[in-house]
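Take a look at the structure below.
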Amino acid sequence: MYQISIKCIRCSYSSPQVPPLPNFSWMKPCLSSRDLVYIGLRDVDPEEHYIMKLLAVKAFSMTQVDQLGVAKVMEETCDYLSKKPIHLSYDIDAIDPSVTPATGTPAVGGLTYREGIYITEYLCQTGLLSAVDMVEVNPLRGRTEDDVHSTVSTAVDLLLGCFGRRREGNHLPDYSLPEP
């Protein structure tokens, strides 16, 4: 599955929890499935689709991102999570491999660089982003130094967006120059 998963950090042992799944009896869930949102799904296999439907996980496919636009997806995501602290687990392979080729599971049709950055900037601006992890960056999978550089640079830019860097600059929006 290729996604950005946005998870709420709230341990809840009440329903709806993950029902018993074969081979996962050793796991004790600490998140409600209703506290998960996946963004940018594509190439979902039937078993993954079944589990997400069974658990009623909120998800936005790339088709939905294209139809709604990333701004609307983020608005709906944050409304759905209803002001809870957010843990962003960012899979670099959610970004299209034309931008991030040094990953283990590249799949065409992913988020653009701009959509990916928008997600991090949006979450940072909510004030609810409390944790972030960046996964699936694999420099050994890049065929060239440019592949590695593009992937790692994009990952750094995404993380900087989480920590407040904005593309228009880091100044107050109403900043004006003094009169001459």
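This one's a predicted model, so the numbers in the text were calculated from it and none came from an experiment. For this chain, numbers begin at 1 and follow the sequence in order.
Across all non-hydrogen atoms, the minimal contact from Ile92 to Thr103 is CG2-OG1, 3.9 Å. Minimum heavy-atom separation, Val73 to Val65: CG2-CA, 4.1 Å.
Tyr80 places no side-chain N or O within donor-acceptor distance of the main-chain N or O of Leu36, the cut-off being under 3.5 Å. No side-chain donor-acceptor contact under 3.5 Å links Ser82 to the backbone of Asp79. Side-chain atoms of Ser150 do not come within 3.5 Å of backbone N or O of Asp146 as any donor-acceptor pair.
Side-chain N/O atoms of Asp133 and Ser89 include a donor and acceptor closer than 3.5 Å. Side chains of Ser98 and Asp96: a donor on one and an acceptor on the other come within 3.5 Å.
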Distance-only donor-acceptor hits, side chain of residues 55-63, under 3.5 Å, sequence neighbours excluded:
unit_1	atom_1	unit_2	atom_2	d
Ser61	OG	Thr63	N	3.3
Ser61	OG	Gln64	N	3.1
Ser61	OG	Gln64	OE1	3.4

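Under the ring pair (Phe, Tyr, Trp, His ring centres under 6.0 Å) criterion, Tyr122 pairs with Tyr118, not counting sequence neighbours.
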| task | Before giving the answer on side-chain contact (heavy atoms from CB on, under 4.5 Å), spell out for Tyr90 and Val135 the whole-Å C-alpha distance, their side-chain angles and the decisive distance to 0.1 Å. | result | CA-CA 6 Å; Tyr90 210 128; Val135 298; over 6 Å; no
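A salt bridge does not link Asp147 with Arg141: none of the charged nitrogens is closer than 4.0 Å to a carboxylate oxygen.
Applying the side-chain contact (heavy atoms from CB on, under 4.5 Å) test between Thr100 and each of Ile95, Val137, Leu111 identifies Ile95 as the sole match.
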